[in-house]
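Beneath this line is the structure, given in structure tokens, with notes to follow.
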Amino acid sequence: MKKQFLLPFALAAAITTSLAAPAHALDLGKLLSGDTLSKGLSVLSNAGEALNTSVKGLTPEQEEVLGHNVMANLLGAAPLMNDAKVQRYVNQVGLWVAMQSEQPHLNWRFGVIDTPNINSFAAAGGYILITRGLWDRIRSEAELAAILGHEITHVTQKHHVKALISSKSQQAGSDLISIVADYNSGKSGAKAGEKGGKALSEIFVRGLDKNDEYVADVNGMVLAARAGYNPYALVSVLQLLGSVNASDSTVALLFSTHPSPQERLDNIDQVVGEKLEGYADATENTKRFNQVKR
Amino acid sequence: MTRMFYSLLLLSSLALAEPGTVIRKTDLRDKPFLDAAVLGNVPSNTLVDIQSRKGAWMQVKLPSGQAGWIKLLNVRTSSGTTSSSTALANVIKTGSSGKTVTTGVKGLSAEEIQNARPNLAEVAKMSSYAANSADAQKSAQANQLIPVQVPAFANSTPTSAPSNKQQQERRP
């Protein structure tokens, strides 16, 4: 579940700090052709390396800008489900789980987007979305908590920044160059956000590092357990996903960007196994879940 | 009329027991506890009907009709005949026309994300629903959620074993 965002402004930030003068000279029109493009890409590659060492140095403000642009793009593809009760409920549960993470004070925001597809997403700055298709299928608050714990882990461990840095594709590169150009010529807001959103698509389709998904599963179980839930609810969710036909379009994006549910269960089996069973008798469901779930 | 038929079909498909496959030989117990009585053992590759879950346990029905509890992680699921009913369910939920079934469900495909136009108003709306820590804690307490200390796993992938620390700090 969830998970696949690029962070374009991270690169912009890295380039402005490490390569201030050349970055100001970037010209979008020239860069997007021939030789200049490959030069531009190598500049980006260097910037990526610079960023690699400074990922942890991104300011909360920079993370917020990145996450905001990613969310604007995703919510442009599918808006929030029109149900304030559900949205507020998911925020209560999500924040409670996030409060057990390494970043309890991040500006965490959660939402359910109106699409039948089964998936969930996270972005820097503490933005997390699950789809209506997933919301409709979950059977307990513990399952929701485990899913959100997985996404919260992607945010706190900055998995999307890592994925961006390892992205070598030309499309992502040229999109990023245009963002950098906009950034440096003082353009901002919707226009830059739009380009940022396009650049994200590459990682969206490609997904995060496979190991980062495994890490998010295991740590998601830990966060759920800390919050007072049965952590094995994540196993139930993965078994549920495993029962959906892989050729079904509702899971196409999820399955193409994640290890299979069977592989994820095998990982939990090997890494967690019985080790969290001391917490398995914790809360499975709540009154508030039954009130909002029809 | 047609819609009602599909709705009934959807309800009935959801009501069916979930199928699963046992991946390793395991004891079948009469209750979801390690010290519960062993009713027998279930060989690897046995097909079971998943009936309910509790903690780290799953209640299953064997092909013989015998029912009992086994560990959740001893079972894997795989897609059976859910595809058509799921596709149908999506058509019903989205109100799309029948042709959507063959061309893919509307919303949030990779292409749609790539072609999306940013919606800043929705981001603002999302932020407007955010909870605050005091409320989240109060609501959690009202729903009997008790926070506990759980150490993080040092390594979360099978390439390296989890630390001993994790095991030592396990809650009894």
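Just so it is clear: chains get the letters A, B, ... in the order the sequence lines come, proteins before strands, and each one is counted from 1. Computed from heavy atoms alone, side chains included, the values below leave out hydrogens, waters and symmetry copies. Owing to the predicted nature of the structure, the values given are computational and were not obtained by experimental measurement.
Between chain B and the residues N107(A), T131(A), D266(A), N285(A), the most heavy-atom pairs under 4.5 angstrom are made by D266(A). The candidate with the highest count of non-hydrogen atom pairs below 4.5 Å against chain B, out of G111(A), G94(A), A225(A), A252(A), is A225(A). The candidate with the highest count of non-hydrogen atom pairs below 4.5 Å against chain B, out of D114(A), L129(A), T283(A), L80(A), is L80(A). Chain B forms more heavy-atom pairs under 4.5 Å with one residue of Q100(A), R139(A), M221(A) than with any other, namely R139(A). Of the listed residues G242(A), A98(A), G228(A), G76(A), the one with more heavy-atom pairs under 4.5 angstrom with chain B than any other is G242(A). Interface remark: of the candidates A124(B), G55(B), A121(B), G55(B) forms the most heavy-atom pairs closer than 4.5 Å to chain A.
For the atom pair S128(B) OG and Q87(A) CD, the distance stands at 9.0 Å (nearest 0.5 Å). One distance of note links CE of M58(B) with OH of Y232(A); it measures 13.5 Å at 0.5 Å rounding. Rounding to the nearest 0.5 Å places OG of S236(A) at 9.0 Å from CD1 of I50(B). Atoms OG and OH, on S127(B) and Y127(A) in that order, are 4.5 Å from each other to the nearest 0.5 Å. To the nearest 0.5 angstrom, L265(A) atom CG is 7.0 Å from T77(B) atom OG1.
Listed for the Q239(A) side chain is a donor-acceptor partner under 3.5 Å among the backbone atoms of L72(B). One N or O on the side chain of N73(A) and one on the backbone of I113(B) form a donor-acceptor pair closer than 3.5 Å. N91(A) contributes a side-chain N or O that, together with a main-chain N or O of Y129(B), makes up a donor-acceptor pair within less than 3.5 Å. Looking at N230(A), its side chain never comes within 3.5 Å of a backbone N or O of K54(B) through a donor-acceptor pair. Put simply, the side chain of Q92(A) never gets that close to the backbone of N132(B): no donor and acceptor are under 3.5 Å apart.
Of the atoms belonging to A84(A), heavy atoms from both backbone and side chain fall under 4.5 Å from chain B. Contact of K71(B) with chain A is made through the side chain alone, with heavy-atom distances under 4.5 Å. When heavy atoms are compared at a cutoff of 4.5 Å, N74(B) does not approach chain A at all. In this structure, chain B has no heavy atom under 4.5 Å from any part of L223(A).
The two residues A77(A) and A116(B) come nearest to each other via the heavy atoms N-CB, 3.6 Å. The heavy-atom pair separating K287(A) from N143(B) by the smallest distance is N-OD1, 3.4 Å. Summarising the geometry of M99(A) relative to S133(B), their closest heavy-atom pair is CE-O, 3.8 Å, with the distance given to 0.1 Å. Considering every non-hydrogen atom in both L73(B) and G273(A), the closest pair reads CD1-O, 3.6 Å. Contact record, I128(A) with M126(B): O-CE, 3.3 Å, taken as the closest heavy-atom pair. Across every non-hydrogen atom of A130(B) and W108(A), the tightest pair is CB-O, 4.0 Å.
Checked for salt-bridge contact, R76(B) and D269(A) meet the test: a charged N lies under 4.0 Å from a carboxylate O. Salt bridge annotation for R109(A)-E122(B): absent, with no cationic side-chain nitrogen under 4.0 angstrom from a carboxylate oxygen. With respect to R53(B) and E284(A), no salt bridge is recorded, no charged nitrogen being found less than 4.0 Å from a carboxylate O.
Looking at F153(B) and N219(A), their side chains never come closer than 4.5 Å, going by heavy atoms from C-beta outward. The closest side-chain heavy-atom distance from P147(B) to R226(A) is not below 4.5 Å.
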Quiz item: What's the verdict on side chain to side chain contact (heavy atoms under 4.5 Å, CB included) for L145(B) and E141(A), showing C-alpha distance, side-chain angles and the deciding distance?
Solution: CA-CA 11 Å; L145(B) 290 162; E141(A) 186 166 306; 3.6 Å; yes
Quiz item: Are T115(A) and E112(B) close enough, and set up right, to give a side chain to side chain contact (heavy atoms under 4.5 Å, CB included), and what steps lead you there?
Solution: CA-CA 11 Å; T115(A) 165; E112(B) 262 156 349; over 6 Å; no
